[in-house]
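Step one of this worksheet: look at the structure below.
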Amino acid sequence: MGGNKRKAAKAQDGNGKKAKTDVHKIGKYLPGGFPIDPKMKGVMVTCARGRETQAGKEACDLLSEYAEKLHGPGFNDDDASEDEDESIEDAIAREVAQAKKTKGGKKFLPLMTGTDCVIFIRAMDIDPSSLCHHLLSDLQKSGSKRTRYCQRFIPVDETSYANMDDIQVMSERVLKPYFHAENQQPTTFKVIPKVRHNDKVDREVLVRMLAATAGRGQSHSVNLNEPKYVILAEVIKSICFMSVVKDYDELKKYNIQSIFEASHKETVDVPAPVADEQPTSTNDAKTTASEAAEAAEAPSQ
């Protein structure tokens, strides 16, 4: 009897209210483990602290909407048949995504990173970079925000374990379409790394390695001010997230809030007509015309 009371007491906080669920446990499709594995793709989403769960659902809904704009209605519908070559991890992820109450169906699955303000939306059967670029460009053009909790949408072309050997192998695949394609033309780029909760990956070593991989055997050059491509490498705990994006600065570092504020500012800052450039009333117009006529009729000195 006493043991049951103690168990009940542990389920309440100091005010006698039911203890809240740890948001970092939501979205883990593998119990007890870090939910993000190598060779995943998707979108890294930033949000305000404590809003990770809401941002995850919001991001899935918005991404699924724009995925249908890119690939047509029905893109987010569940597949009728299962892929025979589908891995166990992908199968589990699809089942969990199906159970989520989002419009993303089996295509988008929110996963917690164990880091405040950052979640990962796993994407199925779509290119995250083109999807994010299309979404953000449309929001910039329309001047609408469309989100309450999400701040940045950072595409992730692939993930790997956060050690230099695995990152090197992954970078060969991720960078090839942009820097080592057939009939490749010289281009410009810069590398932006970020390392969180990891003391094994050195930021400067990571930058040099990625720059060397991108430029190997080519005439590419680093341009820190106006690069055509930006290589993003984000390390969180044991996983590295990598992508190559374009229009990074034009799209305000892929920040929805900054895009909205810039669009709003451009609208507000349109200069108003100068008051004395044109008459402000009919009477003013008549007076001005009369004065002009008198001046024309006056004899010259």
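If you're wondering where the values come from, they're calculated on a predicted model, not measured in any experiment.
- No donor-acceptor distance shorter than 3.5 angstrom exists from the side chain of D247 to the backbone of E250, with no hydrogens or angles considered.
- With rounding to the nearest 0.5 angstrom, the NZ atom of K190 is 4.5 Å from the CD1 atom of I192.
- L210 and S171 make their closest contact through CD2-CB, 3.7 Å (heavy atoms, listed as atom of the first residue, atom of the second, distance).
- Hydrophobic clustering (side-chain heavy atoms under 4.5 Å, transitive across Ile, Leu, Val, Met, Phe, Trp, Tyr) keeps V230 apart from M170.
- Between the CG atom in L62 and the CG atom in L135 there is a gap of 4.5 Å [rounded to 0.5 Å].
- At distances below 3.5 Å, not a single donor-acceptor pair connects side-chain atoms of S144 with backbone N or O atoms of R146.
- D37 contributes atom CG, which lies 6.0 Å from atom OH of Y161 (distance to the nearest 0.5 angstrom).
- Counting only residues at least two apart or on different chains, the salt bridge (Lys or Arg N to Asp or Glu O under 4.0 Å) pairs with a member in residues 39-50 are R49-D116.
- One N or O on the side chain of T46 and one on the backbone of R152 form a donor-acceptor pair closer than 3.5 Å.
- Shortest non-hydrogen contact noted between A48 and Q151 is N-NE2, 3.8 Å.
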Do K57 and D61 pass the salt bridge (Lys or Arg N to Asp or Glu O under 4.0 Å) test, and can you show the C-alpha distance, the side-chain angles, and the key distance before you say yes or no? CA-CA 6 Å; K57 183 180 185 304; D61 289 348; 3.2 Å; yes
Are M44 and I121 close enough, and set up right, to give a side chain to side chain contact (heavy atoms under 4.5 Å, CB included), and what steps lead you there? CA-CA 6 Å; M44 182 181 294; I121 308 299; over 6 Å; no
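- Q54 and E58 are not linked by any side-chain donor-acceptor pair at a separation below 3.5 angstrom, with hydrogens and angles left out of the test.
- With a 4.5 Å cut-off on side-chain heavy atoms, R122 and F120 count as touching.
- If you chain together hydrophobic residues whose side chains sit under 4.5 Å apart, L111 and V235 never meet in one group.
- For the pair K107 and F75, the cation-pi test (distance below 6.0 Å, angle within 45°) is passed.
- When side chains are defined from C-beta on, Y248 counts as touching L232, because their heavy atoms get closer than 4.5 Å.
- Considering every non-hydrogen atom in both L206 and P193, the closest pair reads CD2-CB, 4.0 Å.
- Rounding to the nearest 0.5 angstrom, the gap separating the CD atom in Q218 from the CZ atom in F189 is 10.5 Å.
- Linking ILVMFWY residues whenever their side-chain heavy atoms come closer than 4.5 Å, directly or via other members, places L63 and M112 in the same cluster.
- Looking at V245 and H133, their side chains never come closer than 4.5 Å, going by heavy atoms from C-beta outward.
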Does the pair Y66 and L139 meet the rule for a side chain to side chain contact (heavy atoms under 4.5 Å, CB included), with working shown? CA-CA 11 Å; Y66 276 86; L139 295 184; 3.7 Å; yes
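- Residue I36 holds its CD1 atom at 8.5 Å from OG of S238, rounded to the nearest 0.5 Å.
- The stretch residues 196-218 participates, sequence neighbours left out, in these salt bridge (Lys or Arg N to Asp or Glu O under 4.0 Å) pairs: E172-R216, R196-E234.
- Judged purely by atom type and a 3.5 angstrom limit, E52 uses its side chain to pair as donor or acceptor with the backbone of G50.
- Between C132 and V43, the shortest heavy-atom contact is SG-CG2, 3.6 Å.
- Taking a 6.0 Å sphere around NZ of K246, one finds it holds 12 or fewer heavy atoms contributed by other residues, nucleotides or ligands.
- No donor-acceptor pair under 3.5 Å is formed between the side chain of S258 and the backbone N or O of N255.
- Residues Y229 and Y178 place their aromatic rings such that the two centres sit under 6.0 Å apart.
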Could you check C150 against C47 for side chain to side chain contact (heavy atoms under 4.5 Å, CB included), going step by step and ending with a plain yes or no? CA-CA 5 Å; C150 300; C47 62; 5.7 Å; no
For the pair I236 and I239, evaluate side chain to side chain contact (heavy atoms under 4.5 Å, CB included) and give the outcome as yes or no after the intermediate values. CA-CA 6 Å; I236 299 179; I239 295 293; 5.9 Å; no
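- T115 contributes no side-chain N or O that, together with a main-chain N or O of V118, makes up a donor-acceptor pair within less than 3.5 Å.
- The hydrophobic cluster containing M40 also contains I126, counting ILVMFWY residues as joined when their side-chain heavy atoms lie under 4.5 angstrom apart, directly or transitively.
- Two residues are said to be in side-chain contact when any heavy atoms from C-beta on lie closer than 4.5 Å; I259 and L136 meet this criterion.
- Under a 3.5 Å cut-off, the side chain of H180 and the backbone N or O of L175 do not form any donor-acceptor pair.
- Looking at heavy atoms from C-beta onward, D138 lies in side-chain contact with K69 at the 4.5 angstrom threshold.
- Checked by atom type and distance alone, the side chain of H220 never pairs as donor or acceptor with a backbone atom of P186 at under 3.5 Å.
- The minimum heavy-atom distance between S129 and V244, with the atom names listed, is OG-O, 3.5 Å.
- In this structure the side chain of T159 never reaches within 4.5 angstrom of the side chain of M242, judged on heavy atoms.
- The line from CE of M209 to CG of D165 is 9.0 Å long, rounded to the nearest 0.5 Å.
- Linking ILVMFWY residues whenever their side-chain heavy atoms come closer than 4.5 Å, directly or via other members, places F241 and L131 in the same cluster.
- Side chain of Q184 to main chain of A181: a donor-acceptor pair is present (N/O by atom type, distance under 3.5 Å, no hydrogens or angles).
- Contact annotation: the side chain of I231 never approaches that of V174 to less than 4.5 Å [non-hydrogen atoms, C-beta and beyond].
- Counting non-hydrogen atoms of other residues, nucleotides and ligands closer than 6.0 Å to NZ of K145 gives a total above 12.
- Applying the 6.0 Å contact sphere to NZ of K176 captures no more than 12 heavy atoms from other residues, nucleotides or ligands.
- Between the side chains of Q140 and S263, not a single donor N or O lies within less than 3.5 Å of an accepting N or O.
- Of all heavy-atom pairs between K252 and A262, the closest is CE-CB, 3.7 Å.
- Taking the side chain as every heavy atom from C-beta outward, P128 and V156 never approach each other to under 4.5 Å.
- Remark: the backbone N or O of K228 is paired with a side-chain donor or acceptor of T188 at under 3.5 angstrom.
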